[in-house]
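The next block holds one structure in the form of structure tokens; read it before the comments.
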Amino acid sequence: VDGNKAIQLNPHLSYAYNGRGTAYIGLKKYDQAIADFNKALSIDSNHVSAYHNRSLAYSAMGNTRQALDDLNKALSLDPSYTISYYARGCIYYDLKNYNRAMEDFNKAIRLDPSYAKAYQARGSVYWVLGNKEQAQKDYAKAKSLGYRAQ
């Protein structure tokens, strides 16, 4: 992983550990990712993206409680960190807590009206709640903003 060189050059750079941790997530090496995010946070306890990224690793491992704790911490440090509202909304959706999911997707959209994935996700909440018309509007908005289903 390329972050190794940056860490060798400066082992006190939280962003290097955060970057390498993100690479480990891509490799599905979640324990190593979490270790790097922990190191980043030991260097800088206010590193918002390290909390966010660690939540992704925890979530991938099925540790929903830790993932939510990290997203809440990221948002307490930076209430405008849009992607954490989206990520937390996705967790609430998976937990079938549709009201909380809707709140987070709405907040993400308010902060970034061009956030296509948030419209798509909110559309899914509307769909589950039976509001097919609003769901279709959100799906269309997401598509118009460039959303492509994976």
Side-chain angles (χ1 to χ4, degrees), residues 1-4 7 13-132 134-139 141-143 145-150:
V1 179
D2 287 353
N4 292 332
I7 290 167
L13 189 62
S14 67
Y15 285 92
Y17 290 99
N18 186 54
R20 188 172 71 179
T22 302
Y24 282 137
I25 287 177
L27 297 170
K28 300 186 184 331
K29 295 182 176 186
Y30 303 119
D31 288 330
Q32 289 171 277
I34 289 168
D36 273 354
F37 298 131
N38 289 343
K39 182 64 177 174
L41 291 165
S42 75
I43 295 167
D44 178 2
S45 63
N46 293 318
H47 192 147
V48 175
S49 65
Y51 283 108
H52 174 86
N53 291 332
R54 189 173 69 178
S55 81
L56 301 178
Y58 280 134
S59 186
M61 296 174 72
N63 192 337
T64 303
R65 174 74 326 213
Q66 281 296 109
L68 285 172
D69 287 348
D70 277 352
L71 290 168
N72 290 335
K73 181 64 175 179
L75 290 167
S76 75
L77 292 170
D78 183 355
S80 66
Y81 206 67
T82 307
I83 194 168
S84 285
Y85 287 106
Y86 170 78
R88 192 174 68 179
C90 290
I91 291 173
Y92 285 135
Y93 181 87
D94 289 345
L95 294 172
K96 299 182 180 3
N97 188 338
Y98 301 121
N99 290 331
R100 293 291 301 271
M102 182 70 79
E103 288 173 17
D104 280 345
F105 297 140
N106 283 336
K107 182 70 172 179
I109 290 167
R110 275 194 303 278
L111 289 168
D112 182 359
S114 65
Y115 198 172
K117 289 169 70 173
Y119 285 99
Q120 183 71 21
R122 188 176 72 177
S124 295
V125 175
Y126 279 125
W127 188 268
V128 168
L129 295 177
N131 189 340
K132 310 288 192 233
Q134 189 59 50
Q136 292 296 346
K137 287 180 183 176
D138 273 359
Y139 294 150
K141 179 70 173 180
K143 186 175 180 182
L145 292 170
Y147 180 85
R148 300 290 173 257
Q150 281 100 347

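Along the sequence shown, residues are numbered consecutively beginning with 1.
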Would you indicate whether the side-chain heavy atoms of [Y] and [X] approach each other to under 4.5 Å?
| X | Y | value |
| --- | --- | --- |
| Y51 | S55 | no |
| M61 | D31 | yes |
| Y92 | L68 | yes |
| I25 | Y30 | yes |
| M102 | D104 | no |
| H52 | L71 | yes |
| Y126 | Q136 | no |
| L129 | Q134 | no |

So which heavy atom on [X] is nearest to which on [Y], and how close?
| X | Y | answer |
| --- | --- | --- |
| Y81 | S49 | OH-CB, 3.2 Å |
| G21 | D36 | N-OD2, 3.6 Å |
| A33 | A57 | CB-CB, 4.4 Å |
| L77 | S45 | CD1-O, 4.1 Å |
| Y58 | A67 | CB-N, 3.8 Å |
| R54 | F37 | CA-CD1, 3.4 Å |

Working to the nearest 0.5 Å, report the span between [atom1] of [X] and [atom2] of [Y].
| X | Y | atom1 | atom2 | result |
| --- | --- | --- | --- | --- |
| K107 | T82 | NZ | OG1 | 9.0 Å |
| S14 | K39 | OG | NZ | 11.0 Å |
| S80 | Y85 | OG | OH | 7.5 Å |
| R20 | Q32 | CZ | CD | 8.5 Å |
| L75 | D70 | CG | CG | 11.0 Å |
| N53 | I34 | CG | CD1 | 11.5 Å |

Handout entry: NZ/K28: more than 12 non-hydrogen atoms of other groups inside 6.0 Å
Key =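 No, NZ of K28 has 12 or fewer neighbouring heavy atoms, counting only those of other groups under 6.0 Å.
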Practice task
Kindly state whether the ring of Y98 and the ring of Y93 have centres lying under 6.0 angstrom apart.
Solution key: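 Yes, the ring centres sit under 6.0 Å apart.
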Exercise for the section: Examine Y147 together with Y119 and report whether their ring centres are nearer than 6.0 Å. Expected result: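 Ring centroids of Y147 and Y119 are no less than 6.0 Å from each other.
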Practice task
With side chain to side chain contact (heavy atoms under 4.5 Å, CB included) as the test, would you mind laying out the steps for R148 and K143 before giving the verdict?
Solution key: CA-CA 7 Å; R148 300 290 173 257; K143 186 175 180 182; 3.7 Å; yes
Exercise for the section: Verify side chain to side chain contact (heavy atoms under 4.5 Å, CB included) between Y115 and I83, making sure each step is shown before the conclusion. Expected result: CA-CA 9 Å; Y115 198 172; I83 194 168; 3.6 Å; yes
Practice task
Mind running side chain to side chain contact (heavy atoms under 4.5 Å, CB included) on L145 and K117 for me, showing each step along the way?
Solution key: CA-CA 9 Å; L145 292 170; K117 289 169 70 173; over 6 Å; no
Handout entry: Check: A108 main-chain N/O paired with D112 side-chain donor or acceptor under 3.5 Å
Key =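 Not at all, since once roles are kept as given, no pair shorter than 3.5 Å links the two residues.
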Practice task
Carefully, step by step, assess H47 and Y15 under the rule ring-ring contact (aromatic ring centres under 6.0 Å, His included).
Solution key: CA-CA 8 Å; H47 192 147; Y15 285 92; 4.2 Å; yes
Exercise for the section: Could you tell me whether D69 and K73 have a side-chain N and a carboxylate O separated by less than 4.0 Å? Expected result: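 Here D69 does not pair with K73 in a salt bridge, since their nearest N and O are not under 4.0 Å apart.
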